[in-house]
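Proteins get letters first, then strands, A, B, ... in listed order; numbering begins at 1 in each.
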4 protein chains.
Amino acid sequence: MIVVMKVGSSQDEISKVTKRIEDAGLKAHLSEGIEYTVIGVLGQVFPELRDTLELLSGVEQVIPVTKPYKLASREFHPKDTIVKINGVAIGGNEIVVMAGPCAIESEEQLLATAHAVKAAGATVLRGGAFKPRTSPYQFRGLGESGLKMLAQVSKETQMPIITEVMAPNDVGLVAKYADILQIGARNMQNFVLLDEVGKTKKPVLLKRGLASNIQEWMLAAEYVLAQGNEQVILCERGIRTFENYTRNTMDVSAIPIIEKVSHLPIIADPSHATGKWYLVSPLALAAVAAGADGLLIEVHPNPDMALADGPQSLTFDNFRLLMSQLLPIAKARNRKLATPSARTKP
Amino acid sequence: MIVVMKVGSSQDEISKVTKRIEDAGLKAHLSEGIEYTVIGVLGQVFPELRDTLELLSGVEQVIPVTKPYKLASREFHPKDTIVKINGVAIGGNEIVVMAGPCAIESEEQLLATAHAVKAAGATVLRGGAFKPRTSPYQFRGLGESGLKMLAQVSKETQMPIITEVMAPNDVGLVAKYADILQIGARNMQNFVLLDEVGKTKKPVLLKRGLASNIQEWMLAAEYVLAQGNEQVILCERGIRTFENYTRNTMDVSAIPIIEKVSHLPIIADPSHATGKWYLVSPLALAAVAAGADGLLIEVHPNPDMALADGPQSLTFDNFRLLMSQLLPIAKARNRKLATPSARTKP
Amino acid sequence: MIVVMKVGSSQDEISKVTKRIEDAGLKAHLSEGIEYTVIGVLGQVFPELRDTLELLSGVEQVIPVTKPYKLASREFHPKDTIVKINGVAIGGNEIVVMAGPCAIESEEQLLATAHAVKAAGATVLRGGAFKPRTSPYQFRGLGESGLKMLAQVSKETQMPIITEVMAPNDVGLVAKYADILQIGARNMQNFVLLDEVGKTKKPVLLKRGLASNIQEWMLAAEYVLAQGNEQVILCERGIRTFENYTRNTMDVSAIPIIEKVSHLPIIADPSHATGKWYLVSPLALAAVAAGADGLLIEVHPNPDMALADGPQSLTFDNFRLLMSQLLPIAKARNRKLATPSARTKP
Amino acid sequence: MIVVMKVGSSQDEISKVTKRIEDAGLKAHLSEGIEYTVIGVLGQVFPELRDTLELLSGVEQVIPVTKPYKLASREFHPKDTIVKINGVAIGGNEIVVMAGPCAIESEEQLLATAHAVKAAGATVLRGGAFKPRTSPYQFRGLGESGLKMLAQVSKETQMPIITEVMAPNDVGLVAKYADILQIGARNMQNFVLLDEVGKTKKPVLLKRGLASNIQEWMLAAEYVLAQGNEQVILCERGIRTFENYTRNTMDVSAIPIIEKVSHLPIIADPSHATGKWYLVSPLALAAVAAGADGLLIEVHPNPDMALADGPQSLTFDNFRLLMSQLLPIAKARNRKLATPSARTKP
């Protein structure tokens, strides 16, 4: 941490800053410039110190140097984390595609979709039983009966399951059925929920919040990791910008940034990012070209009859087409597509 | 709801749209322009219909006409809602100032602050026992022991209490102590939490989410109102923008907009919006000049020693100065400052 | 400027950074922390150095300490700048209101508006002869014949004139008629235009760009000041955010920020910021409560017949009402409203 | 255009709206819903009508249906535009890579870079002689002597040239040397400049403004097209968002959106979008995977000594690596890379 003093700050002000740093058990290192005096803080700094120092008289600004997250940081953990779920490895050389309906509507819908996406090359089945909805009047999911359908279809198709959990109280229930617990964008800073999924030791997919920058996203991951759960997958799904042609703006640059600053796997969700089915495939290809470890795609047997997010769902045909386009893109990046493999669930 | 057909859409496409509308028990009203054909949808529209129609072949766009919220809307509830808490009325002619520390640190800190802010004209005491923190390594509040301190200080000073609740499970506990339940910006779309506070029938202060537009904020209020809880207070606390001089950008225009579109009271929180103590007073005055019904202000006996959000807290002196400047601004808008009045808590 | 080296950077990398700094005629000051090594750069730093150092091997980040603008900065020019135009002083104790139509349509329209706004208390007449329009098919202003109408009406009403200049080539022409040259938001970084108005020595009103942060705005002012023109007035007119209820989001906090970082006067334009007439008055009052030195307001005799920006223009009645509300707000901030005074134009 | 009347609007208000529409020579088509009355406007609507109608008593909102741009729209011009420059075709099946230094510094630097990028597969040479700089104290380019170097190097290498023009007055000069006139992001709404480049009939590359949405970008293109210049290439180079890890956020979704709404070619500039060299290649690959017709890339022989934008420039080695990765991505999208071909300049 570096404290920059104001032009013309007094010797007395500088001494008080120095003393406050030393009172905190740290060392202060003075460096006087022509226009500014700068005080370096040496030692293991705690985050509140910045706030404290910034308020002292004569202080112009306090600049944090160390990143506030460690467990999620590549600097302190250079090797890639690979999350393994019953034979599927996320974050390694293979691109993992997770696909399925936004909301589970019935066992037929789910089973038909699972068979179709597996045949096309998806390795994980997605489906929502608890749905966050902007309006209280929209369909909010089937709840536990949806989870049971997921489990049943998972058994029949031998596909692992990802599904969203929205409330700390539901974590136990959802963890009973799901292979990956999904934390939605709106819950990225639901800290109580992050603590709870951290305690489960189940793989967690953490979507980026709509208004969250890279550092806040890393800190949200840090919540899960700090509970001892190392199986975190990050998911870029668009941020909020002034552009309203798309629902959100998918920040493709987040993919190589995460690769640089973190050891955690990073996948992309072009369905929610764009909100329009005809943009899903181009953005899915872009994400993999940029280095994504996988994709999360909404697929529905009959999008125009879907109970939720129909306009952003691919038909079976469109999904098959996407998968065929994805293969050469993956190869161009020296990666393979994960192949749906037999798996035994006890 | 209005369906705009694409240039050159066929008669068959138009018929299919019309049929889908009629299948939903609604009426379709055709209007053919030179370049576009437009189909009006008459009847009580449900939100999913938009998604459904947008996917049909030949449809250019679907434009919702009716607002998706009703209970929160001034259109369907023209009279101002006034939330009353033990003699304090929020949303009427008086400006209500809620003040206190960001986080409760000790009973002495809280009591000293309560006395100081009450003497200066605040009528509600704020203080956090459960704190949402970006990093898992920051101080997260005293929990129930903090709530007990709040209750004790409330009794001594006869000030009603506002405090944040972060998890659905804590709603019962917090409601036992608090007069107003605060929902923080990061939880504005924590729908399970909104349902829970809706069920309590306690006044709820709903902060605007960092990435939430006016309509989404209204829909979040609708969640609480839909549970039968009519005592909702809205609070503007800054939105996320590209400007990083301030922590967030306080959207002062939201104040007169809310006044126009909703009957609910609207207050402002310039402390969190700006993140800098020297901007709090100018923005507080601006909010009241723009028509705000009240303010939520962080005050700390010794901001540079605060455990949370020190740099945005006012000292007692600065808070007194703000209150003295506020009085003529309130008068200029033909309003009074609420006066701290005796109140009896059973 | 401070250079932060990466964890584990080598002695050789550190030496190369040090050498590069010394090659630039500056001093390097080494400070080794537990996790990071930091190198302070002492001396008069030029902006490109940051880019250069950031690319060197082993460098984590380069943090600028000195602000990149000096002439616009309060640090190097503590006393307020007051811009004086024929008896009107902007940036002093008086609040200056500039009002008039968005676009000049005819001499009758302009004269009627000028008389009305002067009678209500405006001291400067605004009116556009060159209009930036998003679409090439919209009305783009009357050009020089509009300027002549402005001059004529200015003579009759004894009001100084503010009007926009859009192209470097038009600066001479517009300067012949105008008392204040307005640079619109879209031209805030039209650097050739900034150079040109800088050369005129005429007062310049510089609107903030829609996507410009405080520092970029200061640097744009620096362009004008660097040409020797010290008469710059800043104008907040809304920034682009995700909220689309308003045309832009007026950043009221920019007003006290500018007051802190710069000596230049700051006014607000709530008409363009909001785009809706019923939001103009609340935001105008908010701006003055927050410390603005003046306002720029669109007024039109008959807004629903206006050729440009009708929906954001006040009627004469609404403008009179605003001025009556403004007076007590100005008083509450210990300021006066400037009074329209006789003035002689040669 | 559709006019939605307020709940409870009177018969008289409806009649006045109808009359105003008919006074404008258009037809009004009434449609009464349960909650709202809607009036369709039939005929060739001019943009100002929206503003006018929105102000009338009883009007809730006015919804434009027709897009405000026609010449740039795919709807009215379904066939792709292909811009041809001395044997290079932009917007066809081939991916065109334009590369070179941000600013021209010397003939040696330019020539070395040109040879290197041509050898690696670039077909157009970029280089700035007039540089827009945020600060007046930064290097602003070599001006005409830079243009002459460009011309000389173009002759030697047989590569067409793209370079920026910043001022209407310079258009003639720059057009004398350049094959493509580049309009920078900050000038996207410099309407006088757009008119001027429109008049030249030279190919124009129009970068998206930092705060411009798709529609405003299309309207800026419309300015050029409306002057009779049909050779417009669009370039996505990042928009301004709250994320500050990157300089801007590259909106990759803009690429397939432009492909859908417009017939104009679309390329991407990952160098300016990200501001960091190690993000340039991943984003370049993403852009082509998403369907871009080409790339604009900064390359410098010695980025850490560059006079402008060093940190975002690729070295020759990194550029060669990018080109080798690009080839299979292009193939995956059934496209080729354009090959540097002999060309004769008179």
Checklist entry - Considering only heavy atoms, which portion of C:Lys276 lies under 4.5 Å from any heavy atom of chain B: side chain, backbone, both, or neither? => result neither
Checklist entry - Considering only heavy atoms, which portion of C:Leu283 lies under 4.5 Å from any heavy atom of chain B: side chain, backbone, both, or neither? => result side chain
Checklist entry - If you tally heavy-atom pairs under 4.5 Å against chain C, which of B:Lys331, B:Gln325, B:Lys260 wins? => result B:Lys260
Checklist entry - Closest heavy-atom contact between B:Ile214 and C:Tyr245? => result CG1-CB, 4.3 Å
Checklist outcome for this item: Rounded to the nearest 0.5 angstrom, the OH-CD distance for B:Tyr278 and C:Glu259 is 12.0 Å
Next on the checklist: Checking side-chain contact (heavy atoms from CB on, under 4.5 Å) between B:Thr241 and each of C:Asp251, C:Ile239, C:Thr249, which is the one that passes?
Outcome noted: C:Ile239
Checklist outcome for this item: When every non-hydrogen atom of B:Phe242 is compared with those of C:Arg208, the smallest separation belongs to CE1-NH2, 4.5 Å
Item to check | Best-contacting candidate, C:Pro328, C:Ala287, C:Pro256, C:Ala286, against chain B by heavy atom pairs under 4.5 angstrom | outcome: C:Ala286
Next on the checklist: Restricting to non-hydrogen atoms, name the atom on B:Ile329 and the atom on C:Ala289 that form the minimum distance, rounded to 0.1 Å.
Outcome noted: CD1-CB, 4.0 Å
Next on the checklist: Among B:Ala254, B:Pro270, B:Ser212, which residue has the highest count of heavy-atom pairs closer than 4.5 Å to chain C?
Outcome noted: B:Ser212
Item to check | Winner by heavy-atom pair count (cut-off under 4.5 Å) against chain B, out of C:Val288, C:Leu285, C:Leu326, C:Ile257 | outcome: C:Ile257
Item to check | Proximal component of C:Arg333, with respect to chain B [non-hydrogen, under 4.5 Å] | outcome: side chain
